Structures are given as structure tokens and as C-alpha cells.
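Have a look at the structure below before the remarks.
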There are 2 protein chains.
Amino acid sequence: MDEPKIRNMEEFAAVSGISRPTVSKYFNDPGSVRQTTRNRIEQALERYDYRPNIYAMNQNRRLTKNIGIVVPYLADPFFAEIARNIETLVTEAGYRAILMSSHGKPQQEIDNLESLRSIRPAGVLLAPLGRASNRDALAAFCRDVPTVNFDCNVEGLGEAFVGHNNEQATELMVEYLVRTGEPPVFFEMRTPPNPNANKRRIAYVAAMERLGHAPEIVQIEGENWDFEGIGYREGARVISERALQSNTVFCSNDRLAIGFLAAAYELGLRVGRGEGCALRVAGHDNHPYSRYTCPTLTTVSHNYGLIAEKSVNTILSVIAAEDGGGERDMTLLDGELIMRASA
Amino acid sequence: MDEPKIRNMEEFAAVSGISRPTVSKYFNDPGSVRQTTRNRIEQALERYDYRPNIYAMNQNRRLTKNIGIVVPYLADPFFAEIARNIETLVTEAGYRAILMSSHGKPQQEIDNLESLRSIRPAGVLLAPLGRASNRDALAAFCRDVPTVNFDCNVEGLGEAFVGHNNEQATELMVEYLVRTGEPPVFFEMRTPPNPNANKRRIAYVAAMERLGHAPEIVQIEGENWDFEGIGYREGARVISERALQSNTVFCSNDRLAIGFLAAAYELGLRVGRGEGCALRVAGHDNHPYSRYTCPTLTTVSHNYGLIAEKSVNTILSVIAAEDGGGERDMTLLDGELIMRASA
DNA sequence: AGATCGTATTTACGCGCGTAAAGAAATGTC
DNA sequence: GACATTTCTTTACGCGCGTAAATACGATCT
């Protein structure tokens with residue numbers, strides 16, 4: 001890096017011996033200029049410290065190089081993990097990732113999208129809150145900005161949906177639990193914030209009936225995203241009231257299961273599949289903390305990597321296609337049984 | 001909202017009956033125009049859907065309204081929680097928060113700062129990785145951009161530091177543990193990624209000596225940010241090798257403790273302070289998951305709210321002051337003992 | 001009523017870059 | 001070597017807004 005500070009593309013073009021429009025072309029797509037000129041530019045880039053002004057660029061470009069990522073709750077390591085995967089892929093594709101969390105609040109979700117709208121992103125990857133989401137506002141946003149919906153499906157939202165195959169995954173677990181012990185009861189919130197929960201309940205019922213067992217569902221109260229707290233409180237209640245019709249509990253998600261396990265521990269119930277165990281508990285999601293529960297949690301894993309990859313590829317191709325045309329395609333990725341100690 | 005789309009500030013100024021420069025002034029600071037003109041602008045704002053182009057604004061403004069937030073590891077709910085607090089305050093102050101995670105990787109930390117630099121933020125709130133950070137690169141960034149360093153102190157970095165009082169907090173816990181049972185051994189990583197760990201070890205030694213006990217430190221191997229995994233693996237080793245000189249273990253942080261508790265559970269050790277318990281385990285941080293461990297984790301809490309508040313206030317005043325002048329001031333916020341079941 | 005002060009308006013320029021058009025130069029083809 | 005083709009240069013304009021300077025206006029005060 002030399003001393004003379006480069007102030008703008010004009011000056012940089014001068015020192016690299018190339019015209020400004022060509023330099024501009026290079027920055028928009030390095031492959032669009034001849035190899036020899038590209039070399040000259042890149043040599044100059046090593047000698048001088050210059051980067052195009054991002055605001056001036058985006059002001060005039062029809063499409064920015066920004067991709068928004070909106071998740072419902074970043075303090076949940078599950079979403080943090082998916083977001084991390086997506087962010088990496090987005091960056092590798094040469095885009096700038098803007099990560100936003102709705103913190104479980106519908107208004108924040110709207111605000112995030114409005115904020116994104118003002119930076120004119122090329123595309124957005126959106127994991128909606130679900131039940132609490134303002135559908136109309138989301139739909140209005142998706143009409144204006146290319147959007148791929150992931151994790152939590154909202155009918156008709158965005159150009160595509162990429163998510164977890166709740167049916168397959170639930171069936172996998174039910175089958176396993178039935179095969180290895182008492183048929184499970186299903187433990188969930190009465191009004192889950194996320195529609196995945198509904199899919200899982202329905203799949204549970206279907207799987208149980210298919211296997212010739214009567215489905216039993218325990219629906220607990222709780223309104224917010226403090227799933228562990230809800231699982232703990234209601235788990236303790238359900239256990240002490242002996243409201244469980246089976247010694248096997250299939251929680252709608254790992255966070256509820258984490259709370260449930262804490263409650264079981266506190267009440268002195270031994271959880272696991274060996275003798276001497278009073279209860280089997282299973283979860284769903286393969287949450288980052290599920291391997292450190294006591295006992296470690298048997299669960300069904302999302303395919304984190306593939307969900308991220310497919311989501312990013314989809315939004316990139318939508319951006320490249322420039323039209324919102326075509327069907328809204330849906331991709332469901334299969335889950336995998338993670339056998340640990342709790343069931 | 002009426003039909004005629006407003007395309008720019010010129011048109012908006014026309015329909016609101018105010019000159020464009022005055023409208024510009026309004027958007028930069030609504031309080032800087034007369035009440036009557038302000039009313040007229042805000043009336044027009046309700047009738048027409050207009051927002052200034054963010055890129056054109058930032059291109060010319062000397063200072064943008066962006067504030068960067070960089071944390072070492074967002075998949076850690078501890079940082080997610082602090083980030084959430086900070087983000088909220090930044091937004092309330094009328095700034096746009098740009099949240100970035102270094103994912104535990106020094107190169108990513110540099111990349112984040114470089115990326116931030118290109119959007120010319122008014123200020124940055126930086127929680128560095130710590131030991132692995134590239135000090136020179138961070139320092140170079142802080143020379144150019146007003147920065148407040150938080151959580152993990154790097155000597156001389158930024159205009160100020162806001163963080164947790166590790167000395168006070170550690171002493172609090174040591175005193176409690178000594179008072180209620182056997183003096184604790186200190187369980188930590190030999191080469192912790194974060195300098196807070198060093199402060200805690202030193203404070204532990206000092207507190208033990210002050211109370212007339214010989215400090216005992218167990219240093220375990222492990223290089224990355226998978227603290228639970230390290231605590232689990234090494235906790236299991238230490239327990240089975242009977243390498244602990246006390247029945248009381250004070251873990252350097254909650255994530256290690258979470259792993260340790262999982263190991264103890266698996267090995268059949270009962271943790272807690274009642275009779276029949278083989279071990280007491282304490283942590284440090286009041287990690288969001290520490291209330292759901294088995295048993296629930298006794299720990300020392302950060303003052304999340306105050307750390308966020310003080311950090312944001314500091315960066316705002318640095319931005320307002322426009323100079324990097326003055327001392328680098330340090331704020332340490334006291335921790336609070338969180339008594340739960342594990343110790 | 002005139003003087004005074006705080007605001008608003010008018011005019012004008014600049015920011016750094018995208019992009020279009022026309023012509024020049026380099027490259028590839030036979 | 002002549003030609004077609006690709007790529008670069010030159011020139012020029014526009015994007016939407018910040019901001020400065022000079023001027024005009026209105027409210028307030030004496």
C-alpha cells in the first residue's frame with residue numbers, strides 16, 4: 001500500500017491506467033473485463049488501498065448486493081446456527097448479509113422488513129414468526145422484494161419455501177419410540193407460536209394410528225418464546241399431577257424438552273431407556289444444547305447445512321432470474337434420528 | 001396514502017409545500033425546523049408514502065446513522081442476549097444497528113470490521129474475541145472509527161471499555177462457597193480464548209488467599225469455542241481420574257459448567273448442596289441456559305441491562321463529541337450472586 | 001412603526017458512481 | 001494481411017441528497 005490516498009474511482013482509474021467506466025465494470029463483475037486489464041486493476045488494488053463507495057454504488061445500481069436474513073428469535077441457538085450457515089453462504093456468493101432478529105415480536109418483524117426495504121436488498125431470506133406474524137404485511141413485502149421463506153412455512157409467501165420435513169421426522173421418532181417401548185404421548189403448547197408444531201402434532205397422530213395406537217396429546221399453556229421455561233413449569237405440573245398416560249414423552253421441540261428434563265430431574269424422576277428409569281423423553285430439532293441435557297436428549301435433527309444451502313441457492317437463482325415468475329416451489333428436507341440417552 | 005408515487009425529496013417537498021433543503025433539514029433532525037413547518041411535513045408524510053433514499057443520504061453525510069455491533073460468537077445465547085439489549089437501545093436512539101458475529105474466528109472479526117468500515121458507521125460497539133484477536137488490526141480500526149469496547153477488555157482499544165467486574169463477581173462467589181462448604185477448586189481452560197478468564201483466575205487466587213485457603217486450579221485442554229463440549233469431556237476425565245482436591249468446583253464460566261454438570265450426571269455423581277450430594281458446582285455469567293441445567297446452576301450474573309445501556313450511552317456521547325479526545329474510561333459493573341441448586 | 005432575530009427559500013454546487021453512446025484500439029479468425 | 005469481433009476509452013449525463021451562501025420572510029420586541 002502506498003501513501004497517496006485514493007479518494008474515488010476516478011483517481012484509482014488514473015493510477016491503474018484504466019478508464020473509470022472500465023474499472024466500474026470490473027467492480028461489478030471482475031470477469032466481465034479482459035484478463036490483461038483485470039490483472040492491471042488487481043495489481044493497482046494491491047498497491048493502493050481503494051474500495052468503491054458502497055453508497056454511491058447502491059444509489060445507482062438497479063439491484064444492490066445486499067441479502068437480508070430475518071429470523072424470529074436469534075437468542076435461540078437453533079436459529080443462530082441456521083443463520084450462521086446462511087450468512088456464510090451468502091458472503092461466499094459475493095453478497096453482503098444483513099442479519100436481523102424479530103425477537104419474537106410481530107411488530108419487530110414488520111419493522112425489520114421495513115428497514116430492509118429501505119436498503120433495497122436484492123433478496124431476503126425470511127423465517128417468519130408464524131402464527132403471530134402479520135400475514136398481510138409480510139405478503140406486501142414479498143410482492144416488492146424477492147423473498148425465500150424458510151423454516152416456518154406461511155402459505156403462499158415468497159418465491160419458494162425451504163424447510164424441515166416435519167412429517168417424515170415425526171414419523172421417524174414415533175416409530176422408534178413405539179418399537180422400543182411404550183407408545184409416546186405428545187407434549188406441546190396449546191397455542192404454539194410456530195405452525196411447525198401443528199404439522200408435528202398431526203404427523204404424530206397419523207403415525208400413532210398407523211401403528212395401531214391411540215394418540216394422546218398433552219397441551220400446555222404458555223404464550224411467549226420462553227419454551228424452556230414453559231416446558232419446565234408445565235412439565236413439573238404434569239408430572240406431579242400424574243397427567244401422563246405413558247412413560248414416554250415426545251416433546252414438540254427440544255426447547256420444551258430441555259425444560260421438561262429439568263423438571264423431571266428436580267422431581268427426582270430418572271429419565272432414560274434403561275431399567276430404573278421412570279420416563280423416556282424425546283425432542284425434535286437437535287438443538288445445540290440437546291447434547292448437554294441430563295440425560296442427553298434423543299431427538300430428530302434438521303438438516304441444517306442443506307436447509308441453508310438450498311435457501312441460499314434458491315434466492316440467488318430468483319435474483320438471477322429477475323422475475324417472480326414460476327411456481328412457488330417447496331423443498332422439504334428429511335430429518336435424522338439422533339439417538340442419545342433420554343429415550 | 002395517495003396514489004401519486006413520490007420518487008424523491010424534490011417531489012415530496014413540492015407536495016408538502018416546503019422547499020427541499022428545509023425538508024432535508026427536517027429528516028436530519030425534525031426538531032431543527034419550526035413547529036408549523038414540521039406539522040406540514042408530517043401531514044404530507046401521512047398522505048404520501050415517502051422515505052429518503054438511504055444511500056443518497058449516507059453518501060453525502062459526514063456521519064451515517066449506522067452503529068455496528070460486533071460480538072465474538074452469536075450462537076452463544078449469552079452474546080445473543082447482550083446484543084439484543086444493545087440493538088434495542090441503538091434503535092431507540094434513532095440509529096440503525098448492524099449486528100455481526102465473528103463466529104469465534106479472528107479472520108472473520110477482521111472481515112467484519114472491514115465490512116463495517118465500508119459503510120462508514122458513526123460508531124461501533126465491539127466485543128473482541130480476545131486472545132485470538134489480531135490486536136493491530138483492531139487498533140487500526142479504532143483509530144479510524146469511534147469504538148466502544150465491551151465485555152472483553154483489550155488494553156487501549158477504543159474510546160472506552162464497559163464490562164463485567166470479574167474481580168468483584170469472582171470474590172462474591174468464592175466467599176459464598178467458602179462460607180457454605182469446602183473451599184472451591186477453580187476449573188478453567190489452560191488457554192482460554194477470552195481474557196476475562198485470566199481475571200477470574202487471578203481474582204480466585206486472591207480471594208482464596210485472603211480467606212486463608214490454598215487455591216487449587218484445574219486447567220484443562222481445549223482450543224475452540226465449544227465450551228460445553230470441552231467442559232463435558234474434561235469434566236468427565238477429571239472426575240474419573242479423581243483429580244479434584246475438593247468437593248466444590250467453581251467453573252470459569254457457565255458454559256464449561258453446563259458441560260461439567262452433564263459429565264457429572266452421566267457418571268452418576270449427585271450435584272448440589274444437600275446431603276447425599278457428592279459435588280457442588282458453580283459457574284459464572286448467568287447464562288440463559290443456566291436455569292435449566294440439572295441441577296440448576298448457581299452462578300454470578302452480569303448486569304446485562306446496565307452493560308448494554310452504558311455501552312450505548314458511551315458510544316452516543318463519543319459520536320456527539322466528535323473527537324476521540326479524553327481519557328479512555330473504564331466502567332466495570334458489579335455482578336450478582338444467583339443462588340440455585342448446584343452449589 | 002421600525003429594528004431585530006430566527007427561519008425558510010432560492011440558487012447552486014458537489015458527492016462518487018452507474019451507465020449509455022460513439023468511436024478507437026486490441027484481439028481473434030481465416 | 002484484411003476483416004469481424006470483442007473490449008476499452010472518451011464523453012456526457014443522471015441518481016438523490018447534503019450543504020453552503022445569499023436573500024426573503026415572518027414573528028417579536030421596543
Side-chain angles (χ1 to χ4, degrees), chain A residues 4-45 48-66 94 96 117-120 122 322, chain B residues 4-45 48-66 94 96 117-122 319 322:
Chain A
K5 278 284 173 199
I6 302 297
R7 310 175 58 82
N8 55 37
M9 195 179 283
E10 193 85 46
E11 289 185 18
F12 178 74
V15 299
S16 61
I18 306 284
S19 72
R20 189 182 66 75
T22 304
V23 171
S24 169
K25 214 166 163 238
Y26 166 83
F27 278 111
N28 284 321
D29 178 9
S32 71
V33 301
R34 200 189 299 143
Q35 187 59 46
T36 57
T37 45
R38 177 169 176 174
N39 291 342
R40 288 169 68 189
I41 293 177
E42 284 170 355
Q43 276 176 28
L45 226 37
Y48 299 94
D49 181 22
Y50 168 72
R51 297 173 147 208
N53 180 307
I54 205 168
Y55 298 110
M57 285 178 66
N58 286 334
Q59 179 176 18
N60 299 316
R61 233 209 287 263
R62 6 207 320 270
L63 237 51
T64 67
K65 281 283 191 178
N66 297 327
R96 166 185 289 264
R117 192 198 291 269
S118 74
I119 62 169
R120 300 206 327 268
E322 301 216 25
Chain B
K5 278 285 172 198
I6 304 295
R7 311 176 58 83
N8 54 36
M9 196 179 282
E10 192 84 47
E11 289 185 18
F12 178 74
V15 298
S16 59
I18 309 284
S19 72
R20 189 182 66 75
T22 304
V23 171
S24 169
K25 215 168 162 235
Y26 167 83
F27 278 111
N28 283 322
D29 178 9
S32 70
V33 300
R34 199 191 298 146
Q35 188 58 47
T36 57
T37 44
R38 177 169 177 174
N39 291 342
R40 288 169 69 189
I41 292 176
E42 284 170 354
Q43 276 177 28
L45 226 36
Y48 299 93
D49 180 22
Y50 167 72
R51 298 174 147 207
N53 179 308
I54 205 169
Y55 298 110
M57 285 177 67
N58 285 334
Q59 178 176 17
N60 300 316
R61 233 208 289 261
R62 0 204 328 269
L63 239 49
T64 66
K65 281 284 193 179
N66 296 327
R96 167 185 288 264
R117 192 198 291 270
S118 73
I119 63 168
R120 300 205 329 266
I319 291 171
E322 299 216 25

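Since we're looking at a predicted model, the values are computed, not measured. Chain A is the first sequence line, chain B the second, and so forth, proteins listed ahead of strands; every chain is numbered from 1.
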Can you spot which of A:Val23, A:Asn39, A:Thr22 makes a side chain to side chain contact (heavy atoms under 4.5 Å, CB included) with A:Val33?
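The single option meeting the side chain to side chain contact (heavy atoms under 4.5 Å, CB included) with A:Val33 is A:Thr22.
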Counterpart residues, side chain to side chain contact (heavy atoms under 4.5 Å, CB included), relative to B:Arg117 (two or more places apart)
B:Glu114, B:Phe141, B:Asp144
Under the side chain to side chain contact (heavy atoms under 4.5 Å, CB included) rule, collect the residues that match up with A:Met57, sequence neighbours excluded.
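Expected list: A:Asn28, A:Pro52, A:Arg61.
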Could you tell me which residues satisfy side chain to side chain donor-acceptor pair (under 3.5 Å) with [X], sequence neighbours excluded, listed by chain and number?
{"X": "B:Arg51", "result": "none"}
{"X": "B:Glu10", "result": "none"}
{"X": "A:Ser32", "result": "none"}

Check salt bridge (Lys or Arg N to Asp or Glu O under 4.0 Å) between B:Arg38 and all other residues, then give those that pass, not counting sequence neighbours.
B:Glu42
Taking atom [atom2] of [N] as reference, at what distance in whole Å does atom [atom1] of [X] sit?
{"X": "A:Lys65", "N": "C:dC17", "atom1": "NZ", "atom2": "P", "answer": "17 Å"}
{"X": "A:Arg61", "N": "C:dA20", "atom1": "CZ", "atom2": "P", "answer": "14 Å"}
{"X": "B:Tyr26", "N": "D:dG18", "atom1": "OH", "atom2": "P", "answer": "13 Å"}
{"X": "B:Glu10", "N": "D:dG18", "atom1": "CD", "atom2": "C1'", "answer": "13 Å"}

Per-nucleotide protein contact along nucleotides 7-13 of chain C, 5' to 3', at a 4.0 Å heavy-atom cut-off (B base, S sugar-phosphate only, - neither), is SSBBBB-
Could you tell me which residues satisfy ring pair (Phe, Tyr, Trp, His ring centres under 6.0 Å) with A:Tyr26, sequence neighbours excluded, listed by chain and number?
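Partners of A:Tyr26 by the ring pair (Phe, Tyr, Trp, His ring centres under 6.0 Å) criterion come out as none, since no residue qualifies.
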Under 4.0 Å, heavy atoms only, any strand: does A:Asn58 hit a base, just the sugar-phosphate, or nothing?
nothing
Set out, line by line, the N/O atom pairs under 3.5 Å between protein and nucleotides 14-16 of chain C.
unit_1, atom_1, unit_2, atom_2, d
C:dG14, N2, B:Asn60, ND2, 3.3
C:dC15, O2, B:Asn60, OD1, 2.3
C:dC15, O2, B:Asn60, ND2, 3.3
C:dG16, O4', B:Gln59, NE2, 3.1
C:dG16, N2, A:Gln59, OE1, 3.4
C:dG16, N2, A:Asn60, ND2, 3.0
C:dG16, N3, B:Gln59, NE2, 3.0

